[in-house]
Amino acid sequence: MRKNVMKTIAAGTAAVLMMGAFAGCGAAEETTDKAGNGAAGKTITLAGSTSMEKLCEAMSESFMETYPDITVTVEYTGSGAGIESLVQGSVDIGNASRGLKDGEKENGAVENVVAIDGIAVITDKENPATDLTTDQLADIYAGNITNWNEVGGIDEAIVVIGREAGSGTRGAFEELLGVEDECAYAQELDSTGAVLAKVAATPGSIGYVSLDVVDQSVQSVALNGVDATEENILAGEYLLSRPFVMATKGEISEQKEEVQTWFSYVESEEGQNVITQLGLILPE
């Protein structure tokens, strides 16, 4: 009798263990699904240019309304850091407000231009000097011109504001103006918004920002008599313009499905509307 009871207990214990194993297997499968390509795990990660913040925020919001099962996260770490994160494999897309460097391309980064942005030169609103030649602007940033009275302004020291090393805006600005590694900055700030706020609050200051963020707190300076406008950029008459790049490691066709969906949306009529509504220019 005792042997029969023990056999019954052993059989019951085995059954419970088997049920637990099946349950654990099911939980593991569910966890794998959530961490993989299941609806709960669909993500796209971007990092890079602070100048692209308005574009990325607007595009992400619009995209997630259309594709609510995909979560888009963006970090604004600067163009150089964004491409580095892409190359290292920690993000899906690296944002750069400049063209990619040869070394970045050699490391697998592919340049996908999604918009064209102008770089506006700005001063505080009280500054009477509203038109500079490109030579004058270069001399101001190189420290050769230090007072506004040398370029048609009042007797006031020029406070040269710029972005930090590694910034896509700074890289494009210095390259287009031909003053790489020559600039005499009074202050180097780490975001577009910081430059805008500093110039607005500092008499005698000059800075450069993405055209789409210019507001009533500052005034935009014409270059060689040409205003920073979309029409003038498209006509090739305004010097300071640069690409907004969403780089991938390898071609878009080689990316995971979510990333391919993102780029399809960016190129769709709805995505193109997001770009133009922000005052950016569609690449030809």
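E237 CD: more than 12 foreign heavy atoms inside a 6.0 Å radius. Under a cut-off of 6.0 angstrom, the local environment of NZ in K198 is sparse, with at most 12 non-hydrogen atoms contributed by other residues, nucleotides or ligands. Within a 6.0 Å radius of CD in E254, other residues, nucleotides and ligands contribute more than 12 heavy atoms. Taking a 6.0 Å sphere around CD of E75, one finds it holds 12 or fewer heavy atoms contributed by other residues, nucleotides or ligands.
Between S79 and M52, every side-chain heavy-atom pair lies at or beyond the 4.5 Å cut-off. At least one side-chain heavy atom of E174 sits under 4.5 Å from a side-chain heavy atom of C183. In this structure, I93 and I44 have side chains that are in contact, with non-hydrogen atoms separated by less than 4.5 Å. At least one side-chain heavy atom of E180 sits less than 4.5 Å from a side-chain heavy atom of E175. No side-chain heavy atom of P283 sits less than 4.5 Å from a side-chain heavy atom of F244. A 4.5 Å side-chain heavy-atom check between N127 and I154 finds every atom pair outside the cut-off. Counting heavy atoms from C-beta on, the side chains of F263 and M246 come closer than 4.5 Å. The closest side-chain heavy-atom distance from V160 to I140 is below 4.5 Å.
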Give the C-alpha distance, both sets of side-chain angles, the deciding distance and a yes or no for side chain to side chain donor-acceptor pair (under 3.5 Å) between T192 and S51.
CA-CA 6 Å; T192 297; S51 296; 3.0 Å; yes
Check against side chain to side chain contact (heavy atoms under 4.5 Å, CB included), I206 and D124:
CA-CA 7 Å; I206 187 170; D124 66 284; over 6 Å; no
Start with the C-alpha distance between E111 and K101, add both sets of side-chain angles, then the distance that settles salt bridge (Lys or Arg N to Asp or Glu O under 4.0 Å), and finish with yes or no.
CA-CA 10 Å; E111 184 176 285; K101 299 176 181 178; over 6 Å; no
So D190 and R163, salt bridge (Lys or Arg N to Asp or Glu O under 4.0 Å) or not? Walk me through it.
CA-CA 6 Å; D190 63 3; R163 289 292 305 279; over 6 Å; no
Take T133 and D135 through the test side chain to side chain donor-acceptor pair (under 3.5 Å) and record every step on the way to the result.
CA-CA 5 Å; T133 67; D135 287 342; 5.3 Å; no
Could you walk me through whether N112 and T248 pass side chain to side chain donor-acceptor pair (under 3.5 Å), step by step?
CA-CA 7 Å; N112 307 302; T248 49; 3.1 Å; yes
From CA spacing to verdict: side chain to side chain donor-acceptor pair (under 3.5 Å), S49, N95
CA-CA 5 Å; S49 172; N95 293 330; over 6 Å; no
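Within the 3.5 Å criterion, the main-chain N or O of G225 finds a donor-acceptor partner in the side chain of D131. Side-chain N or O atoms of D227 include none that pairs as donor or acceptor with a backbone N or O of T229 at under 3.5 Å. Judged by distance alone, the side chain of Q88 and the main-chain N or O of S85 form no donor-acceptor pair under 3.5 Å. Looking at Q255, its side chain does come within 3.5 Å of a backbone N or O of K249 through a donor-acceptor pair. The main-chain N or O of V199 is never found under 3.5 Å from a side-chain atom of T202 such that the two would form a donor-acceptor pair. For T50 (side chain) and Y76 (main-chain N/O), no donor-acceptor pair under 3.5 Å exists by modelled atom type.
Judged by distance alone, the side chains of R242 and T169 do bring a donor and an acceptor atom under 3.5 Å apart.
A distance of 8.5 Å separates CD1 of I252 from CD of Q260, quoted to the nearest 0.5 Å.
Taking the six-membered ring where tryptophan is involved, the planes of Y185 and Y141 are perpendicular, since the angle between them exceeds 60° and thus also 30°.
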